[in-house]
Amino acid sequence: MNDPGTVLITGGSRGIGAATARLAAAAGHAVCITYATQQRPADALVAEIVAAGGRAACLQANVGDPQVAETLLDRLPTALPPLYGLVNNAGITGPLGGFAQASRSTLEQVLDVNVLGTMLLTQQAVRRWCAAGRAGVVVNVSSIAATLGAPGEYVHYAASKAAVEAFTVGLAKELAEQGIRINAVSPGTTLTDIHAAAGEPGRPQRVAARIPMRRPGEAPEIAEAILWLLSDKASYVTGSVLKVAGGL
Ligand code: NAP
């Protein structure tokens, strides 16, 4: 059987990225996860995957630094098989609040990580796949905020994810003939640390009443959708944005 190759998951040490790494490893992929500052959860996840018989490695990388995003693929451990899939999962919101209060540095950081990081890393992957004549798969992690707008919370974040979705649709069409599939998953409110980082750990519980299913999602529920889009089961799917949002 052919080696299913490596899947690179940015921000793969916690939350949705970590759940995706577990499922990708269980599906037989080698996984390379990245983290920004906290090495411990990344090391722990690599150890967990290896103990379960999988292949995993981690790299420190702030994808909001263009230099880092442009050179990340050069740093993939050579022991891993060729890159099969890229999951642009790393994303930040900045502090919750009205747009008038958002600082310029928050806007810059959110756009750098969510938009520019995603674009530069995807560009690196695509260049390699095209040069090698290989197929590849990209899954971008958007947010239901891209369609709802997140008023009073983080409209700049919503706008950054709308950019990710437009990027997904356009690039998928541009590269479809080369056998490169590009899709996005658009999660609703999901139980991860991102809400604490935004300043309100209890946000998922607060907003649950406005979710048609009346509950936040769990990270593995989002990861299942990402894995499906990565897999050959989605062989005719490109340029799609799949909402996984409890009906939002
Ligand atoms: P999370 O729990 O906050 O995950 C954080 C992960 O991202 C960690 O691995 C963290 O590394 C890494 N990270 C943070 N900043 C980074 C940077 N600049 N460069 C590289 N890695 C970075 O996040 P999550 O909730 O799982 O979110 C994952 C994705 O889903 C994001 O794109 C987010 O916008 C999207 N999303 C989330 C929700 C939700 O409700 N959770 C809803 C819709 C969409 P360290 O551990 O080193 O900090």
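Positions are given from 1 along the sequence. For ligands, and for the atoms within them, numbers begin at 1 and follow the listed sequence.
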Next item on the list: Just need the protein heavy atom nearest to atom 23 (O) of ligand 1, so name the residue and atom and give the distance.
Entry: Ile194 CB, 3.9 Å
Notebook entry, point to check: Any idea which protein heavy atom is nearest atom 21 (N) of ligand 1, and the distance to it?
Noted result: Ala90 CB, 3.6 Å
Next item on the list: Could you list the atoms of ligand 1 found under 4.0 angstrom from a heavy atom of Val141?
Entry: 29 (C), 30 (O), 32 (O), 35 (C)
Margin query: Which residue and atom name correspond to the protein heavy atom nearest atom 28 (C) of ligand 1, and how close is it?
Written below: Asn89 OD1, 3.1 Å
Check: Can any side-chain N or O of Arg181 pair as donor or acceptor with the backbone N or O of Leu229 at less than 3.5 Å?
Finding: yes
Next item on the list: Give yes if a backbone or side-chain nitrogen or oxygen of Tyr35 is under 3.5 Å from a nitrogen or oxygen of ligand 1, and no if not.
Entry: no
Notebook entry, point to check: Does Val46 have any side chain to side chain contact (heavy atoms under 4.5 Å, CB included) partners at least two apart in sequence or in another chain, and if so, which?
Noted result: Ile33, Val50, Ala56, Cys58
Checklist line | Whether Gly188 lies under 4.0 Å from ligand 1, heavy atom | finding: yes
Check: Does Val141 offer a backbone N or O that forms a donor-acceptor pair with the side chain of Asn89 under 3.5 Å?
Finding: no
Notebook entry, point to check: In terms of side-chain geometry, is the basic nitrogen of Lys161 or Glu165 positioned less than 4.0 Å from the acidic oxygen of its partner?
Noted result: no
Item checked: ligand 1 contact by Gln60, heavy-atom criterion under 4.0 angstrom -> no
Next item on the list: Just jot down the ligand 1 atoms closer than 4.0 angstrom to any heavy atom of Ile16, in number order.
Entry: 26 (O), 30 (O), 37 (C)
Notebook entry, point to check: Linking I/L/V/M/F/W/Y whenever their side-chain heavy atoms sit closer than 4.5 Å, directly or via other members, would Trp228 and Ile9 fall into one cluster?
Noted result: yes
Item checked: side-chain hydrogen bond (donor to acceptor under 3.5 Å, both in side chains) partners for Asn183, two or more places apart -> none
Notebook entry, point to check: Can you tell me the protein heavy atom closest to atom 48 (O) of ligand 1 and the distance?
Noted result: Arg14 NH2, 3.0 Å
Check: Closest approach of Ala42 and Tyr35, non-hydrogen atoms and distance?
Finding: CB-CD2, 3.5 Å
Check: Short question: side chain of His29, backbone of Leu8 - any donor-acceptor pair under 3.5 Å?
Finding: no
Notebook entry, point to check: Has ligand 1 got any nitrogen or oxygen that is less than 3.5 angstrom from a nitrogen or oxygen of Thr189?
Noted result: no
Item checked: Close approach of Ala61 to ligand 1, heavy atoms, under 4.0 angstrom -> yes
Note to self: Checking the side chain of Ser186 only, and the main-chain atoms of Ser143 only, is there a donor and an acceptor separated by less than 3.5 Å?
What the structure shows: yes
Check: Under 4.5 Å between side-chain heavy atoms, hopping through other hydrophobics if needed: is there a path connecting Val207 to Leu96?
Finding: no
Note to self: Closer than 4.0 Å to some heavy atom of Thr37 - which atoms of ligand 1 meet that?
What the structure shows: 45 (P), 47 (O), 48 (O)
Note to self: So if I apply the side chain to side chain contact (heavy atoms under 4.5 Å, CB included) rule between Leu72 and each of Leu86, Asp65, Leu120, Leu121, which one comes out positive?
What the structure shows: Leu121
Next item on the list: For the pair Thr20 (side chain) and Ala223 (backbone), establish whether a donor and an acceptor sit closer than 3.5 Å, ignoring hydrogens and angles.
Entry: no
Item checked: Ligand-side contact atoms (ligand 1) for residue partner Ser143, heavy atom cut-off under 4.0 Å -> 43 (C), 44 (C)
Next item on the list: Considering the heavy atoms of Asn62, write down every atom of ligand 1 situated less than 4.0 Å from one of them.
Entry: 17 (C), 18 (N), 19 (N)
Next item on the list: Salt-bridge test for Arg128 and Asp74: reply yes if a basic N is under 4.0 Å from a carboxylate O, no otherwise.
Entry: yes
Checklist line | atom 6 (C) of ligand 1: the protein heavy-atom neighbour that sits closest, reported with distance to 0.1 Å | finding: Gly11 O, 3.6 Å
Next item on the list: Tell me which protein heavy atom sits closest to atom 25 (O) of ligand 1, plus the residue, atom name and distance to 0.1 Å.
Entry: Thr192 OG1, 2.5 Å
Check: With backbone taken as N, CA, C and O and side chain as the heavy atoms from C-beta onward, which portion of Gln39 lies under 4.0 Å from ligand 1: side chain, backbone, both, or neither?
Finding: neither
Next item on the list: With heavy atoms of His195 as the reference, note each atom of ligand 1 found under 4.0 Å away.
Entry: 39 (C), 40 (O), 41 (N)
Item checked: Atom indices of ligand 1 within 4.0 angstrom of Asp193 heavy atoms, with elements -> 2 (O)
Next item on the list: Tell me which part of Ser142 gets within contact of ligand 1: side chain, backbone, both or neither, using heavy atoms under 4.0 Å.
Entry: backbone
Next item on the list: With heavy atoms under 4.0 Å as the rule, classify the contact between Ile144 and ligand 1 as side chain, backbone, both or neither.
Entry: neither
Margin query: Side chains of Asn140 and Thr168: any donor to acceptor distance under 3.5 Å?
Written below: yes
Margin query: Any nitrogen or oxygen of Tyr157 lying under 3.5 Å from a nitrogen or oxygen in ligand 1? Just yes or no.
Written below: yes
Checklist line | Taking atom 15 (N) of ligand 1 as the reference point, the nearest protein heavy atom with its distance | finding: Ile92 CG2, 3.8 Å
Check: Under 4.0 Å from any heavy atom of Val113, which atoms of ligand 1 are there?
Finding: 18 (N)
Margin query: Tell me whether the count of non-hydrogen atoms from other residues, nucleotides or ligands lying under 6.0 Å of CZ in Arg40 goes above 12.
Written below: no
Check: So which bit of Val63 gets within less than 4.0 Å of ligand 1, heavy atoms only: side chain, backbone, both or neither?
Finding: both
Checklist line | Closest protein heavy atom (residue, atom, distance) for atom 8 (C) of ligand 1 | finding: Ser13 OG, 3.6 Å
Checklist line | Trp129 side-chain N/O to Leu83 backbone N/O, donor-acceptor pair under 3.5 Å | finding: yes
Notebook entry, point to check: Taking both backbone and side-chain atoms of Ala36, is any N or O found less than 3.5 Å from an N or O belonging to ligand 1?
Noted result: yes
